[in-house]
**Student:** 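This is the structure, below, for whatever I ask next.
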Amino acid sequence: MIDIKLLRQNPEIFIEALKKRNASTELVDEILKIDAEWRKLTTEINNLKAERNNLSKLVAKAKAEKDEEKAKELIERSKKIGEEIKKIEEKQKELEEKIMEIALNIPNIPADDVPVGKDETENVEIRRWGEPKKFDFEPKAHWDLGPDLGLLDFERAAKLSGSRFTVMYGYFARLERALIQFMLDVHTKEHGYTEVWVPQLVKREAMLWTGKLPKFEEDAYNTTQDDMFLIPTAEVPLVALHAQEILSEKELPKKYTAYSACFRREAGSYGKDVRGMIRQHQFDKVELVWITTPERSSEDLEQLTRDAERILQLLELPYRVITLCTGDLGFTAAKTYDIEVWLPSYNAYKEISSCSNTTDFQTRRSNIRFRGKDNKLHFAHALNGSGLAVGRTLVAIIENYQNPDGSITIPKVLVPYMGIERIP
RNA sequence: GGAGAGGUGGCCGAGUGGUCGAAGGCGCUUGCCUGCUAAGCAAGUGUGGGGGUUACCCCACCGAGGGUUCGAAUCCCUCCCUCUCCGCCA
């Protein structure tokens with residue numbers, strides 16, 4: 001949620017932000033116009049209410065003095081004012097709803113150090129780690145490798161659930177589980193995160209608080225009977241944890257990690273990543289969320305990103321980190337680093353984690369505040385990142401660690417979790 | 001699904017139609033004091049919105065939304081949430 005006061009005082013900030021994002025700026029003008037009208041009505045209402053409050057006091061006084069005549073007259077006047085207030089309030093409410101509707105559709109302001117660009121082609125690479133492996137044989141894509149080993153089954157998955165679902169058997173299923181365990185262990189034992197186990201169905205409000213609604217309703221699975229949503233990421237329950245709360249500055253930053261399944265309808269991505277298990281309706285993810293202060297949030301994003309990178313380093317998978325340019329930045333994010341892992345099947349780096357500073361965008365919607373050293377209340381900042389997407393990590397391992405005979409070497413750090421050194 | 005209880009400020013908790021934005025306690029801030037961080041004493045301390053050049057003024061908020069009333073934390077309705085018991089169930 002944007003700060004309407006800031007928009008009122010410095011609309012140019014928002015116009016600039018929307019331009020940088022390659023988005024239309026007319027919402028700003030529209031909201032300003034409605035807001036001016038709203039303030040006019042608000043002042044009118046406030047004055048009328050003040051008058052009515054005064055009359056009410058006089059009524060009480062008149063009644064105490066047993067001056068029924070006077071009380072009656074005052075009540076008449078007060079009644080008329082009440083009717084007038086009601087009329088104006090109806091108009092005010094309409095305007096309020098319009099303002100809300102527009103405000104909820106204005107994205108976060110990009111941070112100053114985010115490169116300006118029109119789309120993903122202008123994202124900026126920050127650093128690389130490791131070298132893409134050179135194979136002295138033709139490496140298979142996971143969508144061939146998995147079925148050949150009898151460990152990935154897209155056909156039966158489609159039978160049960162349709163496209164963009166996968167069934168895994170045996171060692172692959174175990175590898176998925178091992179990765180979850182491994183990632184959680186690293187983040188809790190080495191990076192100081194608190195492990196959280198969260199609901200994977202949330203109320204509409206939780207989706208709204210975290211910026212997933214109302215703009216992206218078509219992307220989410222919704223249970224029609226109870227209006228619950230299947231979470232698209234554990235970021236939703238983790239950020240919503242502290243909604244409507246006032247935290248003390250001492251307890252910040254809060255660093256949470258959670259495993260969850262994630263559910264996405266992938267509406268509008270029909271042509272993308274149709275083969276294999278890169279883009280699924282259901283996938284596992286270990287999520288990282290920080291609730292922190294405005295002073296340190298941009299520094300904290302660096303740390304969060306490093307924490308996610310650490311998993312790839314331990315797995316010895318080559319990757320690079322890019323900064324999303326303003327045109328590619330997500331709705332809630334002020335700044336985002338994507339971590340991309342090397343995938344032989346794509347012959348390219350492919351997103352495996354997205355680490356964002358949402359500044360006060362989500363905390364404003366969720367009303368997450370903290371009492372600062374100045375003893376005043378401030379909105380906290382919220383960061384989130386994948387640490388990592390488990391399914392894509394599994395794909396990266398099987399593709400990068402495959403051998404000429406079709407077997408797969410297990411990365412050293414996973415051997416204790418798998419109990420074997422190679423598949424099969 | 002059925003029956004009951006309840007949701008008040010950072011926290012606990014009182015308050016059943018007018019002077020309640022809300023007693024009291026805890027916490028917090030500041031000052032004083034005591035040979036130490038403890039105790040004690042005093043004062044201050046909610047949030048959001050609108051207006052004004054400052055001092056400041058006004059409005060709203062006691063789970064949410066409606067209603068009754070001149071006037072609602074207090075009465076009525078709807079909804080949400082929490083708890084207890086019963087039923088069902090992994």
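For the numbers below, each heavy atom of this structure counts, side chains included, while hydrogens, waters and symmetry mates do not. Chain letters run A, B, ... following the sequence lines, proteins first, then strands; residues in each count from 1.
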**Student:** In terms of side-chain heavy atoms of A:K86, which of B:G67, B:C70, B:G49 is nearest?
**Tutor:**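 Of all the options, the side chain of A:K86 is nearest to B:G67.
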**Student:** Taking a pair as Watson-Crick or G-U wobble with both distances under 3.5 Å, which nucleotide is matched to B:A3?
**Tutor:**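 Its partner is B:U84.
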**Student:** From B:C80, B:G67, B:G51, pick the nucleotide closest to the side chain of A:T43?
**Tutor:**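 Closest nucleotide among those given: B:G51.
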**Student:** Measure the shortest side-chain to side-chain distance between A:Q303 and A:R306 over non-hydrogen atoms and say whether it is less than 4.5 angstrom.
**Tutor:**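 Counting from C-beta outward, A:Q303 and A:R306 do come under 4.5 Å.
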**Student:** Can you check the distance between B:U45 and B:G51, where both ends of the measurement are the C1' atom (answer in whole Å)?
**Tutor:**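 Their C1' atoms lie roughly 25 Å apart.
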**Student:** I want to check something: taking the side chain as every heavy atom from C-beta on, are A:F182 and A:L414 in contact at a cut-off of under 4.5 Å?
**Tutor:**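 Result yes, sub-4.5 Å side-chain heavy-atom pair found.
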**Student:** Give the nucleotide from the list B:G10, B:C70, B:C58 with an atom nearest to the side chain of A:A50.
**Tutor:**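 Of all the options, the side chain of A:A50 is nearest to B:C58.
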**Student:** Select from A:R369 and A:N54 the residue whose nearest nucleotide in RNA chain B is closer to the 5' end of that strand.
**Tutor:**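 Nearer the 5' end of the strand: A:R369.
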**Student:** Taking atom C1' in both B:G2 and B:C70, compute the distance separating them and give it to the nearest angstrom.
**Tutor:**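 Pairwise C1' distance, B:G2 against B:C70, rounds to 43 Å.
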**Student:** Taking any heavy-atom pair under 4.0 Å as a contact, classify A:I246: base, sugar-phosphate, or nothing.
**Tutor:**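 If one applies the 4.0 Å heavy-atom cut-off, A:I246 turns out to touch the sugar-phosphate alone, with no base involved.
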**Student:** Is atom CD of A:E190 surrounded by more than 12 heavy atoms (other residues, nucleotides or ligands) closer than 6.0 Å?
**Tutor:**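 Counting other residues, nucleotides and ligands, CD of A:E190 exceeds 12 neighbours.
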**Student:** How would you label the contact of A:L377 with the nucleic acid (heavy atoms, under 4.0 Å): base, sugar-phosphate, or nothing?
**Tutor:**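 Since only primed, P, OP1 and OP2 atoms lie under 4.0 Å of A:L377, the category is sugar-phosphate.
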**Student:** For A:F165 and A:H281, take the angle between the two ring planes, folded into 0 to 90°, and tell me which bin it lands in: parallel under 30, tilted 30 to 60, perpendicular over 60.
**Tutor:**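 Judged by the thresholds at 30° and 60°, the geometry between A:F165 and A:H281 is tilted.
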**Student:** Would one find a side-chain N or O of A:N47 under 4.0 angstrom from OP1 or OP2 of B:C59?
**Tutor:**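 False: A:N47 side-chain N/O out of range (4.0 Å or more) of B:C59 OP1/OP2.
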**Student:** Please state whether the phosphate of B:G18, meaning OP1 or OP2, lies under 4.0 angstrom from any side-chain nitrogen or oxygen of A:K57.
**Tutor:**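 For B:G18, OP1/OP2 do not have a side-chain N/O of A:K57 under 4.0 Å.
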**Student:** When you compare B:G66 with B:A72, how far apart are their P atoms, in angstrom units rounded to a whole number?
**Tutor:**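 About 14 Å, rounded to a whole number of Å.
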**Student:** Applying the Watson-Crick and G-U wobble criteria at under 3.5 Å, what pairs with B:G17? Answer none if nothing qualifies.
**Tutor:**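 With both distances under 3.5 Å required, B:G17 matches none.
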**Student:** With a 3.5 Å limit on both atom pairs, tell me what B:C62 is paired to, counting Watson-Crick and G-U wobble, or say none.
**Tutor:**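 When the pairing criteria are applied, nothing turns out to pair with B:C62, so the answer is none.
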**Student:** Across all strands shown, which nucleotide pairs with B:U53 by Watson-Crick or G-U wobble geometry, both distances under 3.5 Å?
**Tutor:**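 Looking at the geometry, B:U53 pairs with no nucleotide.
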**Student:** Taking atom P in both B:C57 and B:G71, what distance in whole Å separates the two?
**Tutor:**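 That atom pair is separated by 26 Å.
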**Student:** Would you kindly compare A:V59 and A:T42 by the position of their nearest RNA chain B nucleotide and give the one closer to the 5′ end?
**Tutor:**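 Mapping each residue to its closest nucleotide by heavy atoms, the 5'-most match is A:T42.
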**Student:** Tell me whether the rings of A:F370 and A:H378 are parallel (<30°), tilted (30 to 60°) or perpendicular (>60°).
**Tutor:**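 Tilted.
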**Student:** Should A:R77 be listed as having a side-chain N or O under 4.0 Å from OP1 or OP2 of B:C70?
**Tutor:**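 No, because none of the side-chain N or O atoms of A:R77 sits under 4.0 Å from OP1 or OP2 of B:C70.
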**Student:** Picking from B:G66, B:A60, B:U68, which would you name as closest to the side chain of A:K49?
**Tutor:**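 Among B:G66, B:A60, B:U68, the one nearest the side chain of A:K49 is B:A60.
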**Student:** Select base, sugar-phosphate, or nothing to describe what A:K72 touches, counting heavy atoms under 4.0 Å on all strands.
**Tutor:**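 The residue A:K72 makes no contact with any strand.
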**Student:** Establish, with yes or no, whether the OP1 or OP2 oxygen of B:C28 is under 4.0 angstrom from a side-chain nitrogen or oxygen of A:R371.
**Tutor:**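 No, because none of the side-chain N or O atoms of A:R371 sits under 4.0 Å from OP1 or OP2 of B:C28.
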**Student:** Can you identify which nucleotide, out of B:C70, B:G49, B:G66, has its nearest atom closest to the A:K93 side chain?
**Tutor:**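 Among B:C70, B:G49, B:G66, the one nearest the side chain of A:K93 is B:G66.
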**Student:** Using both distances under 3.5 Å as the test, list the Watson-Crick or G-U wobble partner of B:G27, or none.
**Tutor:**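 Pairing partner, where one exists within any strand: B:U45.
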**Student:** For B:U69 and B:C77, measure between their C1' atoms and round to the nearest Å.
**Tutor:**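 So the two C1' atoms sit 16 Å from each other.
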**Student:** Take the angle between the ring planes of A:H191 and A:Y193 and call it parallel below 30°, perpendicular above 60°, tilted in between.
**Tutor:**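 It falls in the perpendicular class, over 60°.
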**Student:** Could you tell me the Watson-Crick or G-U partner of B:C75, where both distances fall under 3.5 Å? Say none if there is no partner.
**Tutor:**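 Checking every strand shown, B:C75 finds its partner in B:G67, with both distances under 3.5 Å.
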**Student:** Would you say A:Q244 and A:W209 make side-chain contact, with heavy atoms under 4.5 Å?
**Tutor:**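 The answer is yes, as the side chains (C-beta and beyond) meet within the 4.5 Å cut-off.
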**Student:** When the distance from CD of A:E96 to P of B:C59 is rounded to whole Å, what number comes out?
**Tutor:**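 Taking atom P of B:C59 as the reference, CD of A:E96 is at 18 Å.
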**Student:** Expressed in whole Å, how much space separates the C1' atoms belonging to B:G15 and B:A23?
**Tutor:**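 To the nearest whole Å, 8 Å.
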**Student:** It should be established whether A:N53 places a side-chain nitrogen or oxygen under 4.0 Å from OP1 or OP2 of nucleotide B:A60.
**Tutor:**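 For B:A60, OP1/OP2 do have a side-chain N/O of A:N53 under 4.0 Å.
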**Student:** What interatomic distance, in whole Å, is found between C1' of B:G31 and the corresponding atom of B:A64?
**Tutor:**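 Approximately 43 Å lies between the C1' atom of B:A64 and that of B:G31.
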**Student:** How far, in whole Å, is B:A90 from B:C83 if one measures between their C1' atoms?
**Tutor:**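 Roughly 23 Å separates the two C1' atoms.
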**Student:** In the structure shown, which nucleotide is the Watson-Crick or G-U wobble counterpart of B:G35, with both distances under 3.5 Å?
**Tutor:**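 Here B:G35 is not engaged in any pair, so there is no nucleotide opposite it.
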**Student:** Considering only B:C81, B:C58, B:G71, which nucleotide approaches the side chain of A:N46 most closely?
**Tutor:**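 Minimum distance to the A:N46 side chain belongs to B:C58.
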**Student:** Please pick, from B:C70, B:G49, B:G10, the nucleotide with the shortest atom-to-atom distance to any side-chain atom of A:K79.
**Tutor:**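 Per side-chain heavy atoms of A:K79, the pick is B:C70.
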